[in-house]
Amino acid sequence: MATEETTSNAQHTETSSSGEESISSVLSEKRKFPPSAEFSNNAHISSMEEYEKLYAAAEADPDAYWGGIAEQFHWFKKWDSVLEWNTPYAKWFNGGKTNICYNALDVHVNSWRKNKAAIIWEGEEGNQRVLTYGELHRQVSKFANVLKIAGIKPGDRVAIYMGMVPELVIAVLACARVGAVHNVIFAGFSAHAITERVNDSRAKMVICADGTRRRGGSINLKNIVDEAIVNTPSIRSVIVLKVTDEEIHMHNGMDHWWHDLMGLAADESEPAELDAEHPLFVLYTSGSTGKPKGILHTTAGYMVHAASSFKYVFDIKDEDIYFCTADVGWITGHTYMIYGPMLNGATILMYEGAPNYPQWDRFWDIINRHKVTIFYTAPTAIRAFIRAGNEWVTKHNLSSLRLLGTVGEPINPEAWMWYQKVVGQEKCPIVDTWWQTETGGIMVSPLPGATPTKPGTATRPLPGIMVDVVRKDGTPCEANEGGYLVIKKPWPSMLRTIYGDNERYEKTYWSEFHDMYFTGDGARKDEDGYIWIMGRVDDVVNVSGHRLGTSEVESALVSHEAVAEAAVVSRPDELKGNALVAFVTLKDEYVGDMTLREALRNHVAKEIGPIAKPDEIRWAKGLPKTRSGKIMRRLLRELATSNEIKGDVTTLEDFGVLENLRDQEND
Ligand code: WTA
């Protein structure tokens with residue numbers, strides 16, 4: 001239950017002092033939800049006092065804090081130093097030798113967890129597979145042998161392009177076992193995207209599937225790989241897993257069936273003893289312009305933070321069944337579907353397909369049937385569920401759930417409330433986790449047994465993580481003053497560089513503020529030290545000289561009963577300098593007309609103040625999103641300005657959405 005009544009903020013709180021260079025914050029959300037005594041009593045971290053103590057200790061002596069966590073893992077050789085920092089290059093646990101796959105599998109197989117489920121997999125058609133830690137270990141060891149026989153050596157890059165089947169996890173862990181650097185490419189990406197990523201990382205091998213099931217049909221992945229590797233001279237072989245009945249061509253000498261190679265491989269494989277800084281994976285993330293950035297993560301530091309953040313944020317227990325809806329093609333799938341859970345010996349639920357296949361209740365049906373206890377998803381999915389209607393959720397028994405999480409975008413307070421009430425039945429804490437592909441693991445998040453949550457904020461940084469909100473000149477902002485989110489101290493799972501491009505690494509993350517990592521996000525810290533993310537600073541809208549975070553204006557729109565989703569951008573305006581344009585998706589039962597337009601404009605004026613009133617509202621059946629569900633405001637900005645799209649659209653999920661928007665009439 002909320003401890004304070006909802007108060008909407010009718011007043012514009014202008015707190016910045018440095019004009020153009022700061023971001024005005026206008027959202028004021030006062031509801032607060034402490035964890036229940038029952039949850040706290042059983043949690044790894046049970047109170048704010050405990051958190052504060054841990055945080056202060058980690059801040060005072062980071063080496064002792066991270067070193068203490070690192071002690072819990074298996075090392076072939078212990079490290080010489082916890083951190084060697086040569087701005088902006090870090091070496092964590094230098095001199096140590098370990099293997100993340102050994103720590104994720106072998107340690108459990110040598111314990112009572114040998115027969116515990118590691119993966120409960122459900123296919124789109126309802127078929128199921130369960131892999132115990134023992135079986136997963138056997139499969140991974142076999143596939144590690146396959147890689148070795150194929151000539152893969154430590155440090156070689158291996159591209160992986162397949163749908164959400166257990167073999168994807170097996171391929172990833174087998175790479176880690178032999179010291180190959182995995183580069184997972186989301187199975188929805190085009191041939192061009194594969195070519196670009198394979199060439200940038202100079203991968204030697206592609207592991208793919210013949211196809212992947214999607215909404216009752218299937219997509220031929222192997223043909224896409226064939227097209228991609230015409231232009232990738234570094235690729236020597238392709239291993240193909242049979243998943244569907246897609247018709248494919250196997251090329252002599254180059255292509256090999258997964259099952260043929262596995263049939264020949266031995267069951268046992270010694271894990272490679274790798275340096276702590278041995279590269280673990282490259283994962284490409286789109287930059288705002290230009291070619292995608294290959295974010296490089298290394299072994300031991302990533303392992304330490306993936307494991308400990310998973311344990312504390314998800315309060316994981318051996319009895320839990322944890323369901324993360326992210327695709328392994330994204331960082332969330334890497335850290336919180338594979339490495340974090342498996343380093344903790346947890347049981348994951350892995351689902352192959354679409355959230356609305358065959359109907360909008362697929363996730364809730366899965367939760368009910370498998371008695372899922374922890375559920376982690378994205379705001380974009382939550383908003384889609386709200387739009388589809390509560391009945392899809394409420395017809396299932398979700399009483400097994402004890403904890404909910406979100407990641408990927410700011411969650412609008414109204415969407416948070418819906419998640420808390422309708423899915424969590426007011427008994428599950430929500431962990432709104434802020435982090436990035438670059439950070440490797442969660443940085444800012446409630447600890448569910450300790451932190452009182454407020455809808456829309458990721459709350460406080462985890463112990464060992466030093467974040468702040470600063471002005472353009474690097475000085476810290478006052479409470480509630482909008483500014484730039486930075487990370488002040490190195491952390492173990494930080495990216496080490498952009499693959500093959502140190503210059504871009506330094507320029508993108510380390511040139512804005514001296515000696516601090518720049519996240520690219522706008523934020524404010526409230527009076528309790530809670531971090532409120534206001535969106536990417538590239539997306540900030542400028543209204544009458546005030547720079548507003550997009551997420552705040554969008555949240556005001558989403559708090560209206562008719563609105564399912566909104567994106568706000570600004571466009572140049574002859575009279576006013578800038579005009580605010582809102583693209584609004586309505587809930588199914590509402591019709592966009594002039595009256596509703598006026599009602600929404602007034603609603604924003606009431607929630608935030610007349611300053612944020614959109615000049616124009618356009619109805620949108622859907623919003624352009626990246627394939628991981630983030631709204632692409634850059635494209636909307638172009639549309640609002642010129643009704644044309646000229647920029648790069650390779651990461652766009654659905655082109656139809658743009659066509660629809662272009663056909664819209666302006667007010
Ligand atoms: C945004 C995803 C608000 C943010 C793990 C960040 C969030 C970018 C949150 C990274 C959150 C992620 N609240 N915004 N809880 N989580 N973001 O690399 O803008 O796909 O910089 O990593 O997503 O996205 P990425």
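Atoms within each ligand, like the ligands themselves, are counted from 1 in listed order.
- Contacts classified as ring-ring contact (aromatic ring centres under 6.0 Å, His included) and involving residues 443-483 (residues at least two apart or in different chains) are not found.
- Within 4.0 Å of ligand 1, protein heavy atoms come from I331, T332, V407, G408, E409, P410, D432, T433, W434, W435, Q436, T437, D521, I533, R536, K630.
- Classification of the W66-H305 ring pair by plane angle, with boundaries at 30° and 60°, yields perpendicular.
- A donor-acceptor contact shorter than 3.5 Å is absent between the side chain of W510 and the backbone of M516.
- The environment of CD in E527 is crowded: more than 12 heavy-atom neighbours from other residues, nucleotides or ligands sit within 6.0 Å.
- In this structure, a donor-acceptor pair under 3.5 Å is absent between the side chains of T457 and T459.
- Between F189 and F186, the angle of the ring planes goes over 60°, which puts this pair in the perpendicular group of the 30/60° scheme.
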